[in-house]
Amino acid sequence: MMKIMKSVSDLYEEQYPLLQQLRKQVDSIFLAKKHDTWHYFSRIKEKESFALKLETGRVPIANALEDFFACTLVVENSSKFTEARTLIEQYFDIQYQRPKKDYFTHKAPDAFPFDDIRLYVSFKQVPYTPETPVDTTVFEVQVKSFLQHAWSIATHDLIYKSDAISWSRERVAFQVKAMLEQAEVAISSAEHLATMPELNKTNQDFDDLRKVLTFITSVFSKDDLPRNTLLLARNTNELLKSLKLTVEDLQQMLEAENATGNGTQTRNLSPYTILIQSLINQSSSKLQDYLTGKGWGKFKVFIPQEVDLKGWKSVQGRAVIFKLQKFTNDVQQ
C-alpha cells in the first residue's frame, strides 16, 4: 500500500464526512429525477487517488478538490446532452465546465483523448436560507452517452493499468474510441442520414408494414393504441400475409363491424383482437381454414377467451387459445 503523508491523510479524513453527506443528497436527486432509461452512479475519490492527484501539482487549493466527489449521468446518445444539462440546472448552479465551449476543442483531429462533458456545480442557493458547507461545495458531474460509458469501462485497464506501459495497447483503445465516435455521430444524425440518396430506400415488406401502420393509427384513437404501435402493426401485417388479405380487405370488414356497433366501439378487446373478432364475424371461413391448418403459414393467431368464436368446433393448429386458469399446488398431468 502506498505511503500517504499524515498531513494529506488528515486533510482527506477532515473532508470525507462532508463528501458523504454531499453524495447522499446528490444521489437522491439524480436517482429520483433522471429518466428511467438513463444510468447514474457516483463515487468519492479514495485516499490514495486523492494523494496522487495532489502530487500532480495541478490542485491550487488542496481542500477544494473539484472531483473529490464526482458523479456521472449516462444518456442514450449525444442528442440527449441538452436535456441532461437542463435537468442538472434545475437543482445546481454550473460554476464552469470542461471543455469550456461545446463547439471548441484543443484536441487535434487525429487525436481522441478523454474529453467527455464535465460540469462543475454546486447546489442552488435557497433564498433566505443560510448556506451550509454542503451547499457551497463544488463537485463534478460528467455527462456521457452509453457508448462513451461502455468505452471507458471496456478500455480502462488498457489505458490505466499501472504495472505496464504499452503504446500499442493504448493505440488499440483509442482506435476503438474513434470508431465509437463515428457510431455516435451516425446515431445522433440518423434522421438526416436517412434522407441521403444512398440510404433513402424501401422494400415491399416495409411498404406493406407502413401501410398497415397508417391504417391502424387512422381507425383507432390514440388513447386505445399501445405505446409500441409498431409491434401491433407487425402482428397485424403477419396476420394479413398469412390469410392472403389486404389492408383494404381488413378495412372493409372493420367498417362493417363499426356499422353494427361493434368494431372499434368494442370496449373489452384490444385493437388487435378487435381485428381478429372482425375477421371472425366478416370472413369466418377464411380465418377458420387458416387456423385448422389449411394453406401455408406458420404465424400463430392469439385468441383470448373474450373473443367470440361463433361456435367453431375446432381451431387447433395455428391458434393460440388463451384461457385463464386457477393455479393450485397440485401438478396435473
Asker: Heavy atoms only: give me the nearest Ile216-Ala233 pair and the separation to one decimal.
Answerer: CD1-CA, 3.7 Å

Asker: Do Tyr12 and Phe68 have ring centroids that are under 6.0 Å from one another?
Answerer: yes

Asker: Would you kindly confirm whether Leu31 and Leu73 end up in one hydrophobic cluster when ILVMFWY residues are joined by side chain heavy atoms under 4.5 Å apart?
Answerer: yes

Asker: Nearest heavy-atom pair of Ile276 and Leu287: which atoms, and what distance?
Answerer: O-CD2, 4.2 Å

Asker: Compute whether any side-chain donor of one residue and acceptor of the other, for Gln182 and Glu184, lie under 3.5 angstrom apart.
Answerer: no

Asker: Is there a chain of hydrophobic side chains (I, L, V, M, F, W, Y, each step under 4.5 Å between heavy atoms) that links Leu309 to Ile274?
Answerer: yes

Asker: Distance-only, no hydrogens or angles: does the Glu13 side chain make a donor-acceptor pair with backbone N or O of Pro17 under 3.5 Å?
Answerer: no

Asker: Mind checking salt bridge (charged side-chain N to carboxylate O under 4.0 Å, His left out) for Arg234 and listing every partner two or more places apart, or none if nothing turns up?
Answerer: none

Asker: Looking only at non-hydrogen atoms, find the nearest pair between Gly263 and Leu254 and report the distance.
Answerer: CA-CD1, 3.9 Å

Asker: Assess the residue pair Asp208 and Lys211 against the criterion (salt bridge (charged side-chain N to carboxylate O under 4.0 Å, His left out)); give the C-alpha distance rounded to whole Å, side-chain angles, the decisive distance to 0.1 Å, and a yes or no.
Answerer: CA-CA 5 Å; Asp208 292 343; Lys211 194 172 183 179; over 6 Å; no

Asker: What about Tyr91 and Ile88, same hydrophobic cluster or not, with Ile/Leu/Val/Met/Phe/Trp/Tyr joined at side-chain heavy-atom distances under 4.5 Å?
Answerer: yes

Asker: State plainly whether one hydrophobic cluster holds both Phe41 and Leu22, where clusters connect Ile, Leu, Val, Met, Phe, Trp and Tyr through side-chain heavy atoms under 4.5 angstrom apart.
Answerer: no

Asker: The test is salt bridge (charged side-chain N to carboxylate O under 4.0 Å, His left out); show your working for Asp205 and Arg210 and say whether it passes.
Answerer: CA-CA 9 Å; Asp205 288 339; Arg210 188 179 295 110; over 6 Å; no

Asker: Please enumerate all residues that pass side chain to side chain donor-acceptor pair (under 3.5 Å) together with Thr37, with sequence neighbours excluded.
Answerer: Glu76

Asker: In this structure, are over 12 heavy atoms from other groups packed under 6.0 Å from Ile61 atom CD1?
Answerer: no

Asker: Are a donor atom and an acceptor atom from the side chains of Asp207 and Thr202 found within less than 3.5 Å of each other?
Answerer: yes

Asker: Does the side chain of Tyr272 reach to within under 4.5 Å of the side chain of Leu239, using non-hydrogen atoms?
Answerer: yes

Asker: Kindly state whether the ring of Phe92 and the ring of Phe123 have centres lying under 6.0 angstrom apart.
Answerer: yes

Asker: Report yes or no: do Leu11 and Leu18 belong to one cluster of Ile/Leu/Val/Met/Phe/Trp/Tyr joined by side chain heavy-atom distances under 4.5 Å?
Answerer: yes

Asker: In sequence, state the C-alpha distance, the side-chain angles, and the governing distance for Trp38 and Glu83, and then conclude on side chain to side chain contact (heavy atoms under 4.5 Å, CB included).
Answerer: CA-CA 11 Å; Trp38 295 358; Glu83 192 173 346; 4.1 Å; yes

Asker: Any luck finding a side-chain donor-acceptor pair between Arg98 and Gln142 under 3.5 Å?
Answerer: no

Asker: Start with the C-alpha gap between Glu306 and Thr273, add the side-chain angles, then the distance that decides, and say whether side chain to side chain contact (heavy atoms under 4.5 Å, CB included) holds.
Answerer: CA-CA 9 Å; Glu306 289 86 353; Thr273 50; over 6 Å; no

Asker: Give a yes-or-no answer on whether the side chains of Ser188 and Ser79 include a donor-acceptor pair shorter than 3.5 Å.
Answerer: no

Asker: Do you know which two heavy atoms are closest between Glu55 and Met5, and how far apart they sit?
Answerer: OE2-CE, 4.1 Å

Asker: Establish, from distance only, whether the side-chain atoms of Thr264 and Asn258 form a donor-acceptor pair under 3.5 Å.
Answerer: yes

Asker: Could you tell me whether Gln90 atom CD has more than 12 heavy atoms of other residues or ligands within 6.0 Å of it?
Answerer: yes

Asker: Given the rule in the side chain to side chain donor-acceptor pair (under 3.5 Å) test, do Ser9 and Lys47 qualify, once you have shown the distances and angles that lead to the verdict?
Answerer: CA-CA 7 Å; Ser9 181; Lys47 186 182 292 186; 3.0 Å; yes

Asker: Does the cation-pi check pass for Arg43 over Phe69, that is, NZ or CZ under 6.0 Å from the six-membered ring centre and within 45° of its axis?
Answerer: no

Asker: Is the number of heavy atoms from other residues, nucleotides or ligands within 6.0 Å of NZ (Lys201) greater than 12?
Answerer: yes

Asker: Search all heavy atoms of Asn203 against all heavy atoms of Phe206 and return the closest pair with its distance.
Answerer: OD1-N, 2.9 Å

Asker: Run the side chain to side chain contact (heavy atoms under 4.5 Å, CB included) test on Val121 and Asp93 for me, step by step, so that the C-alpha distance in whole Å, both residues' side-chain angles and the decisive distance to 0.1 Å come before the verdict.
Answerer: CA-CA 5 Å; Val121 308; Asp93 287 326; over 6 Å; no

Asker: When you look at Leu52 and Met2, which way does the side chain to side chain contact (heavy atoms under 4.5 Å, CB included) test go after all the steps?
Answerer: CA-CA 10 Å; Leu52 286 171; Met2 170 181 158; 4.0 Å; yes

Asker: Asn281: what forms a side-chain contact (heavy atoms from CB on, under 4.5 Å) with it, not counting sequence neighbours?
Answerer: Glu257, Gln277, Lys310

Asker: For Gln95 and Ser122, work out which heavy atoms get closest and say how close.
Answerer: NE2-OG, 2.7 Å

Asker: Are side-chain heavy atoms of Val143 and Arg118 found at a separation under 4.5 Å?
Answerer: no

Asker: Could you verify whether a donor N or O on one side chain and an acceptor N or O on the other, from Glu66 and Tyr96, lie under 3.5 Å apart?
Answerer: yes

Asker: If we count only N and O atoms by modelled type, under 3.5 Å, do the side chains of Ser7 and Asp10 hold a donor and an acceptor together?
Answerer: no

Asker: Verify salt bridge (charged side-chain N to carboxylate O under 4.0 Å, His left out) between Asp135 and Lys124, making sure each step is shown before the conclusion.
Answerer: CA-CA 7 Å; Asp135 296 330; Lys124 282 187 176 294; over 6 Å; no

Asker: How about Thr260 and Asn262: does a side-chain donor come under 3.5 Å of a side-chain acceptor?
Answerer: yes

Asker: Do Asp27 and Tyr40 have side-chain N/O donor and acceptor atoms under 3.5 Å apart?
Answerer: yes

Asker: So do the side chains of Lys144 and Thr72 get within less than 4.5 Å of each other, counting heavy atoms only?
Answerer: yes

